[in-house]
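What follows is a single structure, written as structure tokens, with notes after it.
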Amino acid sequence: MLTALVLAIWAYLCIYDILGPCFFLGFRPLIAGFVAGILVGDVQTGMMVGGTLELMALGVYTYGGATIPDYTVGAILGTYFGKAVGFETGVALAIPAALLLTQVDIVNRFLNFVFVHRADRYAEEGNATAFDRMMIFTSHIIWGLSRAIPVFLAVAFGEGLVKGVSSFFEANPWFAKGITVTGGILPALGFAMLLKILPVEQYPAFLLIGFVMYAYLKMPLVGIALAAFAIALVFQQLKYRPKEA
Amino acid sequence: MAQKKLTRADLMSAFWRYVFLFQCGWNYERMQSVGYCFSILPVLKKTRPDPEEFKEAFITNLNFFNTNPVVGAPLIIGAHIALEEAGASLETTEGLKVGLMGPLAGVGDTLVWALYNSIIFSIGSVMALQGNALGPILVILLVFFPYLAVRYWQFFWAYNQGTNIVAQLGSGAIQRITELATIAGLIVVGGFAPSIVRLTTPLKWAREVVVRGEKVTQTVEVQPQLDAIMPYLLPVLVTFLAYWLLKKKGWSPTRVIVVLVIIGFVGGALGIFG
């Protein structure tokens, strides 16, 4: 019960962080899983689950407020359950948990309209004090609880369920195989979301250059990032060169 | 410019309000509106001592607002404060907010999420998977200090630039930053996508060939054949499928996830992929 409470508080903090401070980006699965690992006393599992999910979710962000799978809660639960049964099972549990909680995020983002309507009322009254109080004490509660409650319930009452799930995995290897392949292709969504906000049709060549650097030249990612910056600079220098007389 | 009405304490109050609560209360109806209003409120109190005027500004600043919270929002708030202090009308400040939030969201999302975060988080994850706790710790340090510095700098730069900012950013600077970020972003995504998206096939079939007059059964694996056409062909195809559904078909990310889960799960369970 104590663990459930501690992890629920951590889930709350992870979500609150991205709502403002951005001090540690706890909503990213790497961070959420790492600290969850420290909290349950198994840093290794936390890092394995968090790192695996992070690579799946790299590039998946809430552009313009889009809803994405809840890898944060997935990493925390995956770490907690992975501690007992191995990190692979932890990851296999984290993915469906993350997908399931997608719906919770939509409800959360919808319910938050109460704050804007109360704010309208305070503004009509010119009551800045009441507005400030609402912002400081309550504006993050729906966000926070929408993550903390599922974590608490899953950790407090999910033990038997998880044992059942993991023995089912052992008995049915095809199921685990399906989950593994799914985990491998889910990042495609992250990249698709990135491509959607980038002008792909205007500059298809640059996408191709990046692909060639990785697929054929086998360059490490940091090298690609540095080269990308250099190519963009050169492109602009040529484009904006003052016209010669 | 009119006489300074704001002290450094007022500015810091707006800055810390922005840092601690900017996206709290985010909702589908007006997105970051309450967080924006909360950040700017101490300034409005000082610049508009008349209660009716204050009320009007309070209501107006609850309008729809959404931009990148790290690169973008502090710049707009800083510039807004400078205009507010100079006695600008609500139309002017709303114009500034609406004019900058869209373009800066694009720059910020590309710079912060697509470029910077993808790089530090992929390095951190690889270290974590090797069992090295320095990976996540390094990522936290590379988030905490640069983020805070970049937000503080934008906020005060925009404030000090004052009313010039719209002219400055409008005169091509913002387009150039956007272009730089998007080009670099495209190249990085081009390299990152095949490095992260994993999809291979274990399919193979047997065929009989005659080698020096003897019949030999030879196994043909599909994956090397695909690799000969183009490495990472399957990950590229699945990424473009997701992109096509999102962009051309206008699907929501949630619906695309369902499709990807079905492809991955059924394909993996049946042994087509894996």
Side-chain angles (χ1 to χ4, degrees), chain A residues 19-25 30 34 44 47 51 54-55 58-59 61 63 65-66 102 109-110 112-113 115-116 119 123 126 128 135 139-140 174 177-178 181-182 184-189 191-192 194-199 203 206-207 209-211 213-215 221 224-225 228-229 232 235-236, chain B residues 20-25 27-30 34 38 41 51 55 58-59 62 109 113-114 118-119 121-122 124-125 128-129 136 140 143-144 147 180 182-191 193-199 231-232 238-239 242-243 246-247 253 256 260-261 264-265 268-269 273-274:
Chain A
L19 296 177
C22 295
F23 285 167
F24 51 88
L25 290 194
L30 177 65
F34 173 63
Q44 282 303 320
M47 288 198 294
E54 182 65 47
L55 290 180
L58 214 63
Y61 287 84
Y63 306 107
T102 312
R109 285 167 187 265
F110 171 75
N112 274 321
F113 80 95
F115 297 116
V116 82
M135 287 303 292
S139 66
H140 41 82
W174 58 270
K177 194 76 200 156
V181 174
T182 307
I185 66 169
L186 274 183
L189 174 73
F191 291 108
L194 276 175
L195 293 174
K196 196 185 163 198
I197 64 164
L198 293 168
Y203 303 116
F206 294 112
L207 197 61
I209 291 174
F211 178 75
M213 284 196 276
Y214 182 81
L221 296 179
I224 294 177
F229 188 60
F235 175 82
Q236 289 209 321
Chain B
F20 281 105
L21 287 163
F22 185 66
Q23 296 201 95
C24 288
N27 63 91
Y28 284 127
E29 190 183 319
R30 281 182 244 164
V34 286
F38 180 72
L41 213 54
K55 211 188 279 184
F58 192 167
I59 294 168
L62 281 170
D109 286 352
W113 304 149
S118 296
I119 295 166
F121 275 95
S122 60
S125 302
L129 290 174
I140 292 173
V143 163
F144 184 83
Y147 272 44
L180 189 79
T182 50
I183 290 173
L186 276 169
I187 299 174
V188 170
V189 171
S195 77
I196 307 293
V197 182
R198 281 193 321 275
L199 189 63
Y232 304 102
V238 78
T239 306
Y243 170 73
L246 273 181
K247 178 116 181 183
V256 179
L260 292 179
V261 169
F265 188 77
F273 301 127

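In what follows, chains are A, B, ... by sequence order, proteins preceding strands, each numbered from 1. Computed from a predicted structure; not experimentally measured.
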Original post:
Going from CD1 on B/I140 to CG on A/L30, what distance comes out if it is rounded to the nearest 0.5 angstrom?
Top reply: 8.0 Å

Original post:
Which distance, rounded to the nearest 0.5 Å, do you find between the CZ of A/F23 and the CZ of B/F20?
Top reply: 4.0 Å

Subject >> Contacts of B/F265 that satisfy ring pair (Phe, Tyr, Trp, His ring centres under 6.0 Å) - sequence neighbours left out >> reply: A/F175

Original post:
Is it the side chain or the backbone of B/P136 that comes within 4.5 Å of chain A heavy atoms, both, or neither?
Top reply: both

Subject >> Region of A/F235 that comes under 4.5 Å of a non-hydrogen atom in chain B >> reply: side chain

Subject >> Top of B/G25, B/A242, B/G124 for chain A proximity - count of heavy-atom pairs under 4.5 angstrom >> reply: B/G25

Subject >> Heavy-atom side-chain proximity of B/V34 to A/S139 below 4.5 angstrom >> reply: no

Original post:
Taking only residues two or more places apart in sequence, or in another chain, which ones meet B/R198 in a salt bridge (charged side-chain N to carboxylate O under 4.0 Å, His left out)?
Top reply: none

Subject >> Heavy-atom proximity to chain A below 4.5 Å, by part of B/Y147 >> reply: side chain

Original post:
Checking heavy atoms, do the side chain of A/M135, its backbone, both or neither come under 4.5 Å from chain B?
Top reply: both

Original post:
Do the non-hydrogen side-chain atoms of B/F121 and A/L25 ever get within less than 4.5 Å of each other?
Top reply: yes

Subject >> Contact class of A/F34 relative to chain B, heavy atoms under 4.5 angstrom >> reply: side chain

